[in-house]
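Step one of this worksheet: look at the structure below.
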Amino acid sequence: MDTADATVRVTDPLTFRTATEADVEALVALIESAYRGDASRAGWTTEADILDGQRTDPEGVADVVGAENSRMMIVERNGELIACCQLEHRSDHAYFGMFAVRPALQGGGLGKVIIAEAERFARAEWGAKEMHMTVISAREELIAWYERRGYARTGRMTPFPYGDERFGVPRRADLEFELLIKPLV
């Protein structure tokens, strides 16, 4: 456990709040740490074996934080940022993305609690009937985790944005996103 995690005890309560512009730098650092580079290997959500480069950037996170129909949810324990996710209201459904948990805290059940809160929020605040997300189809272990949470694979694929390094530098040529959906009613 690194020193930053020493003050975050699993028994302490979680605080959920909406991100502000002041949170952007810390959010980018958290998201990058969960998905890219050697530090991400401390958790199980790493994409380091399939993508190099960045996962996001300050402009992308700031766009989510400032968007009218969007909410970047911050999860804190003892005032420390430990997780986040993006929620976007899209007519009758909500989109879930940018989900990141501090790598050293992954695998302890936090993800289940956070996704349940995101679903509750989308249903209660926006009247969303479904939650949608896209996941790189090669991420079988992650997709299986979402399936255990009630998400279904649709088989609907969209191409990975090859050539746009804002989304990473692919290490393989077969990357695509699959749409997963969960009813919220």
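These numbers come from a predicted model, not from an experiment. Computed over heavy atoms, backbone and side chain alike; hydrogens, waters and symmetry mates excluded. In what follows, residues are counted from 1 in the order of the sequence shown.
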| query | If we only count heavy atoms from C-beta on, is the Gln86 to Glu88 side-chain gap below 4.5 Å? | reply | yes
| remark: Closest non-hydrogen contact found for Leu184 with Ala128 is CB-O, 3.8 Å
| salt_bridge(Arg55, Glu47) N-O dist < 4.0 Å | yes
| said: To the nearest 0.5 Å, what is the distance between OG1 on Thr158 and CG on Leu179? | reply: 8.0 Å
| Any side-chain heavy-atom pair of Ile31 and Phe99 under 4.5 Å | no
| With a 4.5 Å limit on heavy-atom distance, are the side chains of Met157 and Ser137 in contact? | yes
| query | Any side-chain heavy atom of Val64 sitting closer than 4.5 Å to one from Met98? | reply | yes
| Please walk me through it: do Arg17 and Ile74 pass side chain to side chain contact (heavy atoms under 4.5 Å, CB included)? | CA-CA 5 Å; Arg17 67 176 176 84; Ile74 283 187; 3.8 Å; yes
| query | So how far is it from Arg156 CZ to His132 NE2, rounded to the nearest 0.5 Å? | reply | 7.0 Å
| request: Please test Ser70 against Tyr95 for side chain to side chain donor-acceptor pair (under 3.5 Å), starting from the C-alpha separation and ending with a verdict. | output: CA-CA 9 Å; Ser70 182; Tyr95 178 81; over 6 Å; no
| task | Give a yes or no on whether Glu165 atom CD has more than 12 heavy-atom contacts from other residues, nucleotides or ligands under 6.0 Å away. | result | no
| query | So, the side chain of Arg120 versus the backbone of Ile115: is there a donor-acceptor pair under 3.5 Å, distance only? | reply | no
| Single-linkage hydrophobic cluster, 4.5 Å side-chain cutoff, Val113 and Met73 together | yes
| note | CE of Met133 to CG of Leu180, rounded to nearest 0.5 Å, is 6.0 Å
| If you measure from CD on Glu125 to CG on Leu87, what distance do you get to the nearest 0.5 Å? | 11.0 Å
| task | Quick one: do Ile143 and Arg153 satisfy side chain to side chain contact (heavy atoms under 4.5 Å, CB included)? Show the steps, please. | result | CA-CA 8 Å; Ile143 291 171; Arg153 298 181 86 156; 3.5 Å; yes
| message | Looking at Lys129 and Glu119, is any side-chain nitrogen of the basic one under 4.0 Å from a carboxylate oxygen of the acidic one? | response | no
| query | If you measure from the Lys or Arg side-chain nitrogens to the Asp or Glu carboxylate oxygens, is any gap between Arg139 and Asp49 under 4.0 Å? | reply | no
| field | Closest non-hydrogen atom pair, Glu21 against Ala62 | value | OE2-CB, 3.7 Å
| query | Is the distance between the ring centroids of Tyr151 and Trp145 less than 6.0 Å? | reply | no
| said: So which atom in Gly150 and which in Lys182 form the shortest heavy-atom distance, rounded to 0.1 Å? | reply: O-CG, 3.5 Å
| request: Starting from the C-alpha separation in whole Å, work towards a yes-or-no answer on side chain to side chain contact (heavy atoms under 4.5 Å, CB included) for Ile114 and Val101. | output: CA-CA 9 Å; Ile114 294 164; Val101 174; 4.2 Å; yes
| note | Distance col, row Glu76:CD vs Phe16:CZ, nearest 0.5 angstrom, shows 10.5 Å
| field | Note, Glu32 side chain near Thr56 side chain (heavy atom, < 4.5 Å) | value | yes
| query | Can you tell if the side chain of Leu30 reaches within under 4.5 Å of the side chain of Ser33, non-hydrogen atoms only? | reply | yes
| task | Return yes when atom CD of Glu25 has more than 12 non-hydrogen atoms of other residues, nucleotides or ligands closer than 6.0 Å, and no otherwise. | result | no
| Just how far is it from atom CG of Leu27 to atom OG1 of Thr20, taken to the nearest 0.5 Å? | 8.5 Å
| task | State, to 0.1 Å, how close Gly37 and Ala48 come at their nearest heavy-atom pair, and which atoms those are. | result | O-CB, 3.9 Å
| request: Take Thr45 and Gln106 through the side chain to side chain donor-acceptor pair (under 3.5 Å) test and state the conclusion after the steps. | output: CA-CA 8 Å; Thr45 62; Gln106 292 177 16; 3.1 Å; yes
| ILVMFWY cluster, Ile181 and Leu142 together (side-chain gap under 4.5 Å) | no
| Would you call the rings of Phe121 and Trp126 parallel, tilted or perpendicular if under 30° counts as parallel and over 60° as perpendicular? | perpendicular
| field | Polar side-chain atom of Arg77 near backbone of Asp12 as donor-acceptor pair, under 3.5 Å | value | yes
| note | On a heavy-atom basis, the closest approach of Ala122 and Ala94 is CB-CB, 3.7 Å
| So, Thr18 versus Arg71: side-chain donor-acceptor pair below 3.5 Å or not? | yes
| task | Begin with the C-alpha distance, continue with both residues' side-chain angles, and end with the deciding distance and a verdict on side chain to side chain contact (heavy atoms under 4.5 Å, CB included) for Leu110 and Leu14. | result | CA-CA 9 Å; Leu110 265 176; Leu14 296 175; 3.7 Å; yes
| request: Could you list who else is in Phe177's hydrophobic cluster, with ILVMFWY side chains joined at under 4.5 Å, directly or through other members? | output: Ile50, Leu51, Ile136, Phe160, Tyr162, Phe167, Leu175
| query | By salt bridge (Lys or Arg N to Asp or Glu O under 4.0 Å), which residues pair with Asp57, not counting sequence neighbours? | reply | none
